[in-house]
There are 4 protein chains.
Amino acid sequence: MVKNMGKNNKKLWGGRFLSSTNTKTEHFTESLSVDIRLYKYDIKGSIAHAEMLGKTGIIPQKDSVKIIKGLKKIQTDIESCNFRFSVSDEDIHMAVERALTDDIGEPAKKLHTARSRNDQITLDMKMYLKDAIKNMIVLIEDLQGNLAEKAYAYADAVFPGMTHMQLAMPVTFGHYLLSFIHMFERDQSRLKDIFGRADEMPLGACALAGTNLPIDRLYVAKKLGFSRVSRNSMDAVSDRDYIIETLAAVSMIGIHLSRLCEDLVVYSSSALNIINLPEGFCTGSSMMPHKKNPDVAEIVRGKTGNLIGNLVSILVTMKALPMAYNRDMQEDKKPLFDSVDTVCGCLEIISELMKSVTLNSGALNKILGADLGLLATDLAEYLVTKGIPFREAHNIIGRMMLSDTALKNPREITLKELRKFSDKFGPDSTKLLDMKNSAANKKSLGGAAPVGVKKEIRKWLKKNR
Amino acid sequence: MVKNMGKNNKKLWGGRFLSSTNTKTEHFTESLSVDIRLYKYDIKGSIAHAEMLGKTGIIPQKDSVKIIKGLKKIQTDIESCNFRFSVSDEDIHMAVERALTDDIGEPAKKLHTARSRNDQITLDMKMYLKDAIKNMIVLIEDLQGNLAEKAYAYADAVFPGMTHMQLAMPVTFGHYLLSFIHMFERDQSRLKDIFGRADEMPLGACALAGTNLPIDRLYVAKKLGFSRVSRNSMDAVSDRDYIIETLAAVSMIGIHLSRLCEDLVVYSSSALNIINLPEGFCTGSSMMPHKKNPDVAEIVRGKTGNLIGNLVSILVTMKALPMAYNRDMQEDKKPLFDSVDTVCGCLEIISELMKSVTLNSGALNKILGADLGLLATDLAEYLVTKGIPFREAHNIIGRMMLSDTALKNPREITLKELRKFSDKFGPDSTKLLDMKNSAANKKSLGGAAPVGVKKEIRKWLKKNR
Amino acid sequence: MVKNMGKNNKKLWGGRFLSSTNTKTEHFTESLSVDIRLYKYDIKGSIAHAEMLGKTGIIPQKDSVKIIKGLKKIQTDIESCNFRFSVSDEDIHMAVERALTDDIGEPAKKLHTARSRNDQITLDMKMYLKDAIKNMIVLIEDLQGNLAEKAYAYADAVFPGMTHMQLAMPVTFGHYLLSFIHMFERDQSRLKDIFGRADEMPLGACALAGTNLPIDRLYVAKKLGFSRVSRNSMDAVSDRDYIIETLAAVSMIGIHLSRLCEDLVVYSSSALNIINLPEGFCTGSSMMPHKKNPDVAEIVRGKTGNLIGNLVSILVTMKALPMAYNRDMQEDKKPLFDSVDTVCGCLEIISELMKSVTLNSGALNKILGADLGLLATDLAEYLVTKGIPFREAHNIIGRMMLSDTALKNPREITLKELRKFSDKFGPDSTKLLDMKNSAANKKSLGGAAPVGVKKEIRKWLKKNR
Amino acid sequence: MVKNMGKNNKKLWGGRFLSSTNTKTEHFTESLSVDIRLYKYDIKGSIAHAEMLGKTGIIPQKDSVKIIKGLKKIQTDIESCNFRFSVSDEDIHMAVERALTDDIGEPAKKLHTARSRNDQITLDMKMYLKDAIKNMIVLIEDLQGNLAEKAYAYADAVFPGMTHMQLAMPVTFGHYLLSFIHMFERDQSRLKDIFGRADEMPLGACALAGTNLPIDRLYVAKKLGFSRVSRNSMDAVSDRDYIIETLAAVSMIGIHLSRLCEDLVVYSSSALNIINLPEGFCTGSSMMPHKKNPDVAEIVRGKTGNLIGNLVSILVTMKALPMAYNRDMQEDKKPLFDSVDTVCGCLEIISELMKSVTLNSGALNKILGADLGLLATDLAEYLVTKGIPFREAHNIIGRMMLSDTALKNPREITLKELRKFSDKFGPDSTKLLDMKNSAANKKSLGGAAPVGVKKEIRKWLKKNR
């Protein structure tokens with residue numbers, strides 16, 4: 001913020017004020033340093049508004065033309081760094097109006113006709129949000145695409161499915177990766193729903209009651225690409241639902257990313273080591289010469305706190321605010337911008353990282369080879385097909401897990417040994433003692449069997465590429 | 001929880017355990033005291049599952065029939081308080097399975113075939129959630145209906161529109177009430193979107209990988225009224241998105257209610273007193289004989305904390321959980337049940353309360369009569385129609401606000417007095433000095449003018465009644 | 001809540017009310033179902049109050065005696081389940097006063113002299129809180145004691161210190177466990193500070209302004225074991241800091257427990273398996289016969305969400321409440337009681353569990369034997385003692401980590417091999433290739449060396465036992 | 001961040017890395033843009049560390065001297081903007097070490113001996129925090145001082161005490177203001193407790209295990225003004241309690257400020273208008289010429305959301321992190337810095353604003369004159385002194401509140417009129433019908449009577465000025 005003009009009588013709203021704004025107040029209340037990034041939406045909105053004012057005859061057509069030309073010049077100035085901002089401008093709206101006044105004089109004083117900053121800011125925010133949502137959707141699709149390609153490459157690669165971080169059943173790495181595609185698909189779905197609700201043009205609500213002047217809100221909505229206009233002026237200026245629900249949806253993306261990253265950290269830990277994280281996404285230690293730390297995954301996991309914190313921030317701010325606009329609502333921007341930036345950064349880098357993740361087959365085979373438990377459920381279900389009630393079969397295999405049999409490499413267990421636990425085990429049962437077969441047998445809809453997984457993957461590859 | 005059976009070898013999953021569960025563990029880990037309320041969903045799900053097992057031949061048809069009969073009996077027993085629960089049952093699933101086993105013996109041991117508690121609990125929760133959402137939508141519609149009727153009755157009643165809790169412009173009470181109908185409409189919209197995403201049948205995902213047995217998931221989905229089935233077994237058992245997004249949507253309802261209640265508290269405060277809260281919704285003081293406190297509004301406002309706290313609770317619990325099911329997720333129930341119960345209670349009582357709210361016209365008239373400021377914007381817009389740039393008009397009226405004119409009752413201000421500030425004021429301008437006219441002039445789309453407001457209200461009355 | 005008495009004119013505050021409380025309102029606003037657990041504090045406080053009223057002559061001494069006798073009988077009745085509560089009593093204060101009136105008649109009507117529920121409830125809550133804090137401190141000390149004993153038993157047991165979940169340096173399990181004792185020590189310290197601040201008697205603040213009657217607050221404070229009285233009546237009734245800061249301190253305990261539990265889950269995971277969780281604290285799977293899941297650790301980890309959620313709940317509720325008492329504040333009880341109960345349950349079971357945790361030396365030795373990286377920092381620091389700048393030494397050992405040397409069992413690496421990387425390695429350097437020596441060499445104050453660790457442990461054992 | 005040096009082999013920890021850091025990773029993981037503000041603590045810590053290394057002979061004394069000189073030059077360079085930062089530096093520690101190496105060569109490579117960034121960052125943060133706490137305490141004392149002076153000026157000014165935002169009893173504005181001094185006193189007390197716990201020097205914990213080298217931690221602690229050293233190296237590097245508890249304490253300050261601001265907004269609202277906010281702390285409307293909005297109070301109230309959000313952010317980030325350091329913890333800085341900055345800004349401006357707040361006696365008198373309710377409790381307590389049980393007195397006055405008497409100006413009510421409700425009213429009772437007397441009669445300890453209030457105020461004035 002370059003310069004404080006300091007005199008309150010220079011405020012565009014200063015008519016009824018006898019004394020000037022306290023300097024500390026000016027610095028404390030300014031939002032320009034945050035809402036400056038809305039400039040292009042603010043200008044675009046003002047252009048549409050000015051066109052409408054001209055078209056309806058509320059201001060002369062020629063003034064409208066001058067205003068629009070002036071606004072375009074301001075945009076150019078900002079983008080070429082030839083624009084001088086001042087703390088005394090308070091916010092992006094006033095900064096633009098003042099510059100316009102400096103530039104084109106009298107006609108500029110007509111721009112704010114039938115408009116308040118109350119409806120203007122929520123217009124700017126909705127325009128920003130719609131773009132931000134589109135961008136997040138693209139990033140999610142990119143991540144889904146990379147996950148789908150990785151899943152395709154590893155559709156047959158047996159992977160230890162875990163629950164409670166305990167070995168559970170063999171799945172494939174492809175199946176595992178697909179599960180995240182589904183999570184991100186719901187994230188997309190939520191973002192699209194929010195887009196639909198936010199796609200409602202608020203300008204014309206003015207301060208809170210609408211206006212006496214014959215504005216044409218539908219015209220403005222069309223110009224700005226909104227599908228409809230708000231139908232209650234008080235709600236229009238006091239509504240921040242679209243920000244809250246975006247921050248909730250973004251927190252959910254954070255939850256999904258944090259779960260993926262937790263797995264990456266654990267699976268690539270030096271003691272387990274079944275996933276290789278590329279060095280380019282790791283860093284070393286300043287003290288310990290041997291370290292290769294999964295920093296990217298950890299930071300993404302850590303940033304979940306940031307995303308949830310921002311959601312709480314706006315919820316607390318909005319709690320119990322009286323109708324209609326209150327200045328507290330200025331505090332909506334920091335959490336929104338921060339969360340959108342954060343989640344976009346996270347999606348982008350995790351998308352990149354997932355492209356280069358590989359499996360460490362040595363460590364994987366050691367785990368998969370050594371654990372009969374992973375096949376316990378298959379053995380129980382086999383007994384079910386032989387007529388043993390599942391609960392009984394569960395008990396029989398439970399006992400097997402306590403025996404020496406469970407200590408062996410599954411591939412070395414003989415039919416004879418199985419029959420010590422139940423004589424229902426037939427010759428075909430030894431085929432169960434193979435991790436690849438186990439995964440392949442999970443043919444139920446949505447199950448781990450590669451045949452179904454591949455079909456699903458192809459669907460996603462088609463969708464996202 | 002009546003009785004601890006205490007022996008671990010009685011656990012249905014106890015086959016591989018040598019020692020019994022620690023008693024403290026049993027009490028600490030049990031979820032029955034919370035998930036007991038899912039019993040009817042659990043039983044309904046089990047019936048559909050048993051039908052499917054019979055139909056596909058995974059278990060004999062006759063066993064399926066016995067199981068279903070037994071399950072129905074258990075439901076009757078629970079509902080007639082003839083069912084004995086025990087802490088050692090851990091959860092509702094085990095309680096039902098054990099009772100079934102006690103009752104019908106052998107066939108009961110076949111019920112849990114091709115099923116895990118991992119997919120069973122998320123099925124139960126989704127069935128509960130779908131009903132809860134339907135119920136919340138009904139309550140919201142009821143509240144909207146009451147608001148619409150009240151708005152209709154007060155569509156012409158001038159009310160002081162405020163921003164920053166400062167008098168801003170005249171609106172009507174009907175217009176004010178409509179703004180809340182819009183908020184609650186978005187709440188409904190969100191709930192419907194969540195319903196759509198949650199309407200996906202997870203059973204058959206089993207522990208996390210699906211099953212080797214030839215189950216028919218589509219059959220179960222159809223029986224239970226789901227529109228589709230989940231397509232990835234790992235995602236199906238580890239997904240709690242539907243709970244998180246419900247708690248987010250419910251928090252937003254809380255925000256809206258808290259804002260309405262804040263207004264009710266302020267507007268009915270003894271110093272302002274423009275709204276009458278019916279005595280039936282107030283209580284007195286144990287010490288101060290004169291008090292009539294707006295307790296209902298305050299408690300609803302206060303419970304917003306509860307709703308947001310529950311959202312944070314589940315977000316924190318889910319953060320960075322590894323794939324797939326983890327026992328932490330058991331903690332999803334308390335916040336969900338609590339928030340649904342809380343918000344339903346709040347919606348219901350506020351709906352009731354709003355029916356009997358009335359305006360205190362004496363106090364209202366005192367405020368409306370005394371404040372020229374409420375008409376300041378109209379005066380400025382009048383000057384705009386006379387060709388004065390808005391920013392200049394704003395300044396002129398700003399100065400008027402500092403003058404003695406502003407101290408007068410608006411109705412007593414003469415044309416001559418207005419013309420002291422601008423000679424553009426013509427004879428028609430004195431019509432502006434009337435609060436009713438002011439509201440009536442806000443004819444812009446979505447504005448405060450009764451003509452438009454009434455049209456909107458009729459739309460809502462039709463929708464919700 | 002047994003019975004609704006239903007007539008508003010029966011309310012003790014009902015004098016100025018014409019109509020009776022709406023039934024829904026009665027159910028919605030009652031807090032009795034929650035604050036019933038405060039009964040003994042409420043009665044104790046009332047006894048002290050009645051004594052003071054008698055002693056100061058505000059009421060006759062004989063009435064005071066009758067009141068006290070009546071109150072004691074009510075306590076006995078409640079504790080022997082001979083007390084009948086009713087929803088129409090609203091809260092524990094009114095329930096007690098009504099019962100007292102039913103029992104002793106006229107004198108009971110004098111009990112509430114110079115008192116309001118506003119100061120009464122915060123008195124009850126502070127008395128509850130002081131007991132709750134004392135109890136939490138005992139539970140923390142018990143946990144610290146168990147950790148210290150386990151640490152003593154494993155003071156020499158080499159354990160893989162990790163950062164970023166990557167093997168970092170050898171420490172001992174004793175040293176590792178000590179780190180949690182320190183966390184819990186800070187938790188205790190916080191609780192004690194809160195106790196000190198909360199130890200301020202609020203009764204006598206009355207509704208918000210104090211009273212005209214000649215009460216003796218210091219007498220009451222002394223009777224109830226408070227060290228001082230509040231000095232501003234408005235603050236006294238509107239203050240809930242003590243609840244918020246307790247919930248913050250309890251959330252921190254939750255953070256510490258969640259970190260311990262995360263480690264327990266990971267270290268006991270079937271793929272890593274360096275810690276044995278006793279079966280008594282695990283449960284099995286309903287579907288997978290082989291599972292032994294670390295449920296207790298997971299549920300404790302999951303409940304962190306609950307604790308943080310409750311903190312947020314009260315923060316949101318208190319945000320922007322006007323002076324002084326508001327009914328919103330009734331919502332302070334549920335989160336406080338819930339968090340105190342939850343954290344006590346967690347501390348207790350984790351204390352129990354930690355007693356029986358053991359190390360799995362087989363798996364530990366496999367990890368420790370195979371990883372030269374754990375000794376990398378020692379090798380670099382050795383070179384420092386030979387005059388090589390640390391940054392250079394770090395680089396030399398970094399290169400060693402990329403060589404075949406790093407693939408060997410550290411114990412089998414020869415001096416010759418070390419000298420391939422630097423000729424500064426002398427004969428004494430091979431002693432570094434031993435995990436036990438490595439830990440023993442960390443003799444810096446607070447370091448991992450058993451000699452220092454044991455000294456610390458003895459300090460804690462003395463403190464807590 | 002000026003320039004990306006881009007080659008991974010330039011990383012100070014790069015010895016064991018074959019490939020260079022991905023550019024996106026470098027940007028994603030860098031913390032320099034946030035931790036740059038720690039530079040002076042980082043340099044101060046490094047100077048103490050270098051002194052210790054020289055003194056203990058771990059590095060040659062002459063190298064220690066060179067390092068210290070070099071570090072001082074870097075500080076000068078940064079403060080005179082002659083320092084060039086680069087993204088590839090990752091963080092402030094590496095930026096300083098690299099610059100030192102560029103500057104003094106070989107000796108610089110010895111600085112990081114017996115140190116890790118893990119203990120270095122927590123040292124920096126604690127030094128920052130201790131200063132931040134001192135600063136917050138000063139700001140709180142300043143605010144308390146201003147409140148005390150204002151309270152002194154208004155110690156006799158009768159003010160309507162409210163509960164539930166309903167008129168309750170007369171207090172003085174001085175008494176009201178004192179209540180906030182007490183809140184802020186507890187805030188200070190909390191900050192001091194945190195200071196005490198944080199005043200523990202962590203350097204020497206190194207990566208997590210301590211070091212083999214003979215460091216002297218007590219020497220470093222003394223140099224840096226810490227009262228003691230940490231006693232467990234693992235806890236020392238993984239502890240972030242001090243940040244969490246600061247954010248909790250700061251949230252509480254936010255709660256207190258939000259309550260004060262809520263009152264300011266309501267009391268200065270145009271409909272109530274009993275407090276005058278100075279124009280310098282208000283702003284106008286871009287559309288409505290008459291508006292004078294309480295922006296400062298609203299923004300401070302709104303920022304409570306920010307403060308609570310930051311607390312949640314760090315709680316979520318720390319939840320369930322494994323021992324010991326994890327990169328997630330890098331996310332601790334943004335919320336801490338942001339909350340400290342925010343709360344300092346809020347304290348400062350509210351302190352300023354409170355200096356110039358005045359009462360609007362006209363509006364006050366109108367409210368105070370019109371409401372017998374404010375005196376209802378006095379009347380009831382009068383009857384108590386005449387032997388009527390309080391509950392009966394409460395009832396009698398309750399009925400009075402429903403009668404025409406309650407509609408009169410209290411000063412005009414006669415003894416005869418009072419005696420219509422109870423013949424216990426004697427001639428002295430009409431003195432009760434005066435707001436000033438009412439406040440003056442609240443002589444109970446901590447009550448509203450000016451005599452006691454002034455004594456308290458003098459205590460605070462002495463303390464804070």
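What you see below is based on every heavy atom in this structure, not just the backbone, and it leaves out hydrogens, waters and symmetry mates. Source: prediction; values computed, not measured. Just so we're on the same page: letters track the sequence lines, and every chain starts at 1.
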Checking [X] against chain C: side chain, backbone, both or neither under 4.5 Å from a heavy atom?
X: A:R399; result: neither
X: A:S285; result: backbone
X: A:K319; result: both
X: A:A168; result: both
X: A:I397; result: both
X: A:E298; result: side chain
X: A:K366; result: neither
X: A:D378; result: neither
X: A:I274; result: neither
X: A:A320; result: neither

Looking at every heavy atom in both [X] and [Y], which two are closest together, and how far apart are they?
X: A:S339; Y: A:N310; answer: OG-ND2, 2.8 Å
X: A:I413; Y: A:L433; answer: O-CD1, 3.4 Å
X: A:V265; Y: A:A297; answer: CG2-CB, 3.9 Å
X: A:A448; Y: A:T172; answer: O-CG2, 4.0 Å
X: C:P170; Y: C:L375; answer: CG-CD2, 4.1 Å
X: C:R240; Y: C:D332; answer: NE-OD2, 2.8 Å

Highest number of heavy-atom pairs under 4.5 Å with chain A: which of [options]?
options: C:T163, C:I367, C:N395, C:L272; result: C:T163
options: C:P294, C:P160, C:S286, C:G284; result: C:S286
options: C:V316, C:V312, C:L315, C:D371; result: C:V316
options: C:M165, C:K291, C:M401, C:H394; result: C:H394

No-hydrogen, no-angle side-chain donor-acceptor test under 3.5 Å, A:D328 and A:T317: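 No, no side-chain donor-acceptor pair sits under 3.5 Å.
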Which bit of C:N273 is near chain A, if near means a heavy-atom gap under 4.5 Å: side chain, backbone, both or neither?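 Neither part.
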What part of C:L379 gets closer than 4.5 Å to chain A, counting heavy atoms only: side chain, backbone, both or neither?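 It is neither, since no heavy atom gets under 4.5 Å.
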Strictly under 6.0 Å, is that where the ring centroids of A:Y267 and A:F159 end up?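 When the ring centroids of A:Y267 and A:F159 are compared, they turn out to be within the sub-6.0 Å range.
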side-chain contact (heavy atoms from CB on, under 4.5 Å) partners of A:P389, counting only residues at least two apart: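 For A:P389, the residues satisfying side-chain contact (heavy atoms from CB on, under 4.5 Å) (neighbours in sequence not counted) are A:E392, B:E106, B:K109, B:K110.
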